[in-house]
Engineer: 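Below is the structure I would like to discuss, written out as structure tokens.
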Amino acid sequence: MDRYDLALIGFGGVNRALAELIRDRGERLRSELGFDLRIVAITDLRLGSLMQADGIDVAQVLAMRAGESFAGLVGGDAEARNEYVIRNSTADIVVEATFTNPLDGQPAVSHVTWALESGKHVTTTNKGPIALAGAGLKSLAAEYGVRFEYEGSVLSGTPILRFAKQQLAGAGLTAVEGILNGTSNYVLGRMEAGLSLADAVAEAQGLGYAEADPTADIEGSDVQLKVVILANELLGANLTTADVERVGISVVSAEDIVAAATQGKRWKLIGSARRLPDGTVTGRVAPVAVAADHPLQGISGATNAVKFETELLGDVTVSGPGAGRVETAYALLSDIIAIDSSVRSGLVATSAV
Ligand SMILES: NC(=O)C1=CN([C@@H]2O[C@H](COP(=O)(O)OP(=O)(O)OC[C@H]3O[C@@H](n4cnc5c(N)ncnc54)[C@H](O)[C@@H]3O)[C@@H](O)[C@H]2O)C=CC1
Ligand SMILES: N[C@@H](CC=O)C(=O)O
């Protein structure tokens with residue numbers, strides 16, 4: 001396959017960054033990866049829908065200003081006609097990057113369902129579909145002979161899901177623990193520097209780290225979804241969010257931060273999943289004041305880190321970007337590379353369109 005056509009569902013920070021990568025690095029990606037990427041459809045609540053089977057002029061849509069809509073363009077419509085576009089566009093791959101809904105994953109679960117049912121591969125950075133409907137969507141992908149990829153759902157562009165599945169296979173993974181949210185880690189660091197919680201959150205929003213509703217970052221529900229994903233994907237569990245106890249960083253006051261610093265400690269929001277001796281898997285999210293000798297103490301800003309506890313290797317810790325528009329767009333690219341690999345090895349078709 002020498003080209004994949006993409007439908008972008010949601011055109012916010014992450015999918016715009018993917019479009020910019022295609023615009024700015026298309027040639028380089030082609031020579032490094034052996035295929036072209038072309039965008040043939042976009043939908044967004046604020047812009048509407050656009051379908052152009054011969055390829056959308058990416059520079060033109062990236063230059064559109066707030067308040068403009070796709071309605072005036074050939075193949076454009078003022079409404080985000082997600083189901084129609086997902087089912088009827090000529091895309092090989094649907095790229096889902098709408099808001100994460102931590103309650104039921106909708107409408108992203110439907111977006112992924114429609115794409116798989118219409119024989120299109122899916123890549124998503126949206127945590128809702130995999131944490132809240134992962135098993136069903138994976139079965140659907142298998143039924144329709146397409147790939148469902150979601151590397152960016154945990155640690156954005158840092159490829160810890162594939163790393164653990166492929167490189168730690170057979171090592172006897174027993175627990176996963178880490179800093180899994182870039183916004184809260186950034187905010188805690190800025191509060192150490194004297195900023196208020198609200199000002200620090202505003203900075204994280206400006207940098208593209210925060211969820212559309214940053215309560216998910218601050219109150220821990222974003223990490224709760226990620227703990228569910230890690231437990232189910234890597235520890236063979238079947239957890240739901242109700243199984244994962246959750247406390248967010250709003251309980252940590254400026255005074256708590258100063259008090260921890262006087263003891264050489266730093267507050268971190270830690271998410272963990274652990275297999276107990278009886279085989280059950282537990283999950284937890286809570287802020288912890290970690291001491292200087294803790295491997296996660298030095299992880300600052302939007303950087304995240306995960307410690308994998310294994311029977312054969314002991315602890316293996318991976319750190320890298322946990323949030324950010326370009327970093328997360330890279331996760332989508334890594335998923336497309338995984339899809340290409342399956343297509344080239346004959347495991348799946350380009351798409352069933
Ligand atoms: N920004 C980051 O660092 C990371 C983000 N993610 C996830 O990636 C996804 C996208 O993130 P961002 O681009 O940062 O969010 P964003 O808020 O910048 O963009 C989301 C876009 O989706 C659109 N949208 C929402 N609901 C829609 C619907 N029903 N139909 C059509 N369009 C819709 C919005 O208008 C918005 O433009 C989210 O689910 C987020 O949790 C995952 C890892 C890191
Ligand atoms: N808002 C999230 C984005 C990635 O999942 C974070 O800050 O980690």
Side-chain angles (χ1 to χ4, degrees), residues 7-20 41-50 61 64 66 69-70 77 79-86 94-102 105-112 114 123-132 150-158 160-161 178-188 200-201 203-227 229 248-249 269 271 299 301-305 320-332 335:
L8 309 187
I9 308 305
F11 200 51
V14 171
N15 261 347
R16 275 175 187 273
L18 179 66
E20 285 165 1
I42 304 175
T43 69
D44 191 277
L45 281 183
R46 296 174 185 127
L47 292 160
S49 318
L50 183 61
V61 293
M64 286 174 66
S69 117
F70 290 142
D77 192 297
E79 274 181 47
R81 301 174 65 206
N82 294 328
E83 181 165 8
Y84 180 81
V85 169
I86 290 169
V94 169
V95 185
E96 215 290 345
T98 65
F99 305 142
T100 288
N101 173 346
Q106 290 292 11
V109 173
S110 295
H111 298 161
V112 175
W114 297 331
T123 164
T124 187
T125 54
N126 192 321
K127 289 140 266 186
I130 185 64
L132 304 171
Y150 38 81
E151 182 61 57
S153 61
V154 187
L155 256 68
S156 73
T158 310
I160 55 126
L161 293 177
I179 295 171
L180 305 175
N181 180 271
T183 300
S184 57
N185 203 48
Y186 178 86
V187 164
L188 287 168
V201 169
E203 281 191 2
Q205 287 176 304
L207 290 163
Y209 302 152
E211 296 302 302
D213 176 359
T215 314
D217 300 294
I218 301 309
E219 298 301 348
S221 61
D222 179 76
V223 178
Q224 192 179 39
L225 293 174
K226 289 165 176 168
V227 166
I229 295 171
I249 65 165
L269 184 63
I299 304 297
T303 303
N304 284 186
R325 300 178 182 105
V326 175
E327 295 84 345
T328 312
Y330 175 73
L332 295 169
D335 283 347

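Whatever order the structure lists ligands and atoms in, that order sets their numbers, starting from 1. No experiment lies behind these values; they were computed from the predicted model shown.
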Engineer: Counting each atom of ligand 2 from 1 as listed, which ones have a heavy atom of Glu211 under 4.0 Å away?
Structural biologist: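 Near Glu211, meaning under 4.0 Å from one of its heavy atoms, ligand 2 has 1 (N), 2 (C), 3 (C).
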Engineer: Are any of the side-chain heavy atoms of Phe70 and Asp77 separated by less than 4.5 Å?
Structural biologist: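 Result no, sub-4.5 Å side-chain heavy-atom pair not found.
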Engineer: Name the closest protein heavy atom to atom 35 (O) of ligand 1, giving the residue it belongs to and the distance to 0.1 Å.
Structural biologist: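 Ranking protein heavy atoms by distance from atom 35 (O) of ligand 1, first comes Asp44 OD1, 2.8 Å.
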Engineer: What atoms of ligand 2 come within less than 4.0 Å of a heavy atom belonging to Thr183?
Structural biologist: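 Answer, ordered by atom number: 1 (N), 6 (C), 7 (O).
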Engineer: Who's the nearest protein heavy-atom neighbour of atom 31 (C) of ligand 1, and how far?
Structural biologist: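 The closest one turns out to be Leu45 N, 3.4 Å.
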Engineer: Measure the distance from atom 16 (P) of ligand 1 to every protein heavy atom, then report the residue, atom name and distance (to 0.1 Å) of the closest one.
Structural biologist: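 Its nearest protein heavy-atom neighbour is Gly13 N, 4.0 Å.
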Engineer: At a non-hydrogen distance cut-off of under 4.0 Å, which region of Asn181 contacts ligand 2 (side chain, backbone, both, or neither)?
Structural biologist: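 It is both backbone and side chain that touch ligand 2.
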Engineer: Can you tell which part of Lys127 has a heavy atom less than 4.0 Å from ligand 1: side chain, backbone, both or neither?
Structural biologist: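 Within the 4.0 Å criterion, Lys127 contacts ligand 1 through side-chain atoms alone.
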Engineer: How does Ala210 reach ligand 2, by side chain, by backbone, by both or by neither, if only non-hydrogen atoms under 4.0 Å count?
Structural biologist: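 For Ala210, the contact with ligand 2 is made by the backbone alone.
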Engineer: Give a yes-or-no answer on whether the side chains of Gln106 and Asn101 include a donor-acceptor pair shorter than 3.5 Å.
Structural biologist: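 Per modelled atom types, Gln106 and Asn101 side chains form no pair under 3.5 Å.
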Engineer: Looking only at distances, can you tell me whether any N or O atom of Gly182, backbone or side chain, sits closer than 3.5 Å to an N or O atom of ligand 2?
Structural biologist: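 Checking ligand 2 against Gly182, an N or O pair does fall under 3.5 Å apart.
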Engineer: What atoms in ligand 2 come closer than 4.0 Å to a heavy atom of Tyr209?
Structural biologist: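 In order of numbering, the contacting atoms are 1 (N), 2 (C), 3 (C), 6 (C), 7 (O).
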Engineer: Hey, are Asn82 and Thr43 close enough side-chain-wise for a donor-acceptor pair under 3.5 Å?
Structural biologist: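 Thr43 vs Asn82: donor-acceptor pair found between side chains.
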Engineer: To which protein heavy atom is atom 17 (O) of ligand 1 closest, and what is the distance rounded to 0.1 Å?
Structural biologist: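 For atom 17 (O) of ligand 1, the nearest protein heavy atom comes out as Phe99 CE2, 3.4 Å.
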Engineer: Provide, to 0.1 Å, the distance between atom 1 (N) of ligand 1 and the closest protein heavy atom, together with that atom's residue and name.
Structural biologist: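 The protein heavy atom lying closest is Gly208 O, 3.0 Å.
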Engineer: Compute the shortest N/O to N/O distance between Pro107 and ligand 1 and return yes if it is under 3.5 Å, no if not.
Structural biologist: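 No - when backbone and side-chain N and O of Pro107 are compared with those of ligand 1, no distance drops under 3.5 Å.
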Engineer: Is ligand 1 under 4.0 Å from a heavy atom in the side chain of Ala323, in the backbone, in both, or in neither?
Structural biologist: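 For Ala323, backbone and side-chain atoms both sit under 4.0 Å from ligand 1.
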Engineer: Check the side chains of Thr124 and Asn126 for a donor-acceptor pair under 3.5 angstrom, ignoring hydrogens and angles.
Structural biologist: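 Note: Asn126 and Thr124 side chains miss the donor-acceptor criterion.
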Engineer: Output yes when the distance from some N or O of ligand 1 to some N or O of Gly322 is under 3.5 Å, and no in every other case.
Structural biologist: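 No, there is no polar N/O contact under 3.5 Å.
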Engineer: How far is atom 30 (N) of ligand 1 from its nearest protein heavy atom, and which residue and atom is that?
Structural biologist: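 It is Asn82 ND2, 2.9 Å.
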Engineer: Any N or O on Gly152 sitting closer than 3.5 Å to an N or O of ligand 1?
Structural biologist: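 No; the residue has no nitrogen or oxygen that sits under 3.5 Å from a nitrogen or oxygen of the ligand.
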Engineer: For atom 42 (C) of ligand 1, which candidate among Thr43, Leu18, Asp217, Thr125 holds the nearest heavy atom?
Structural biologist: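 Looking at heavy atoms only, Thr125 sits closest to atom 42 (C) of ligand 1.
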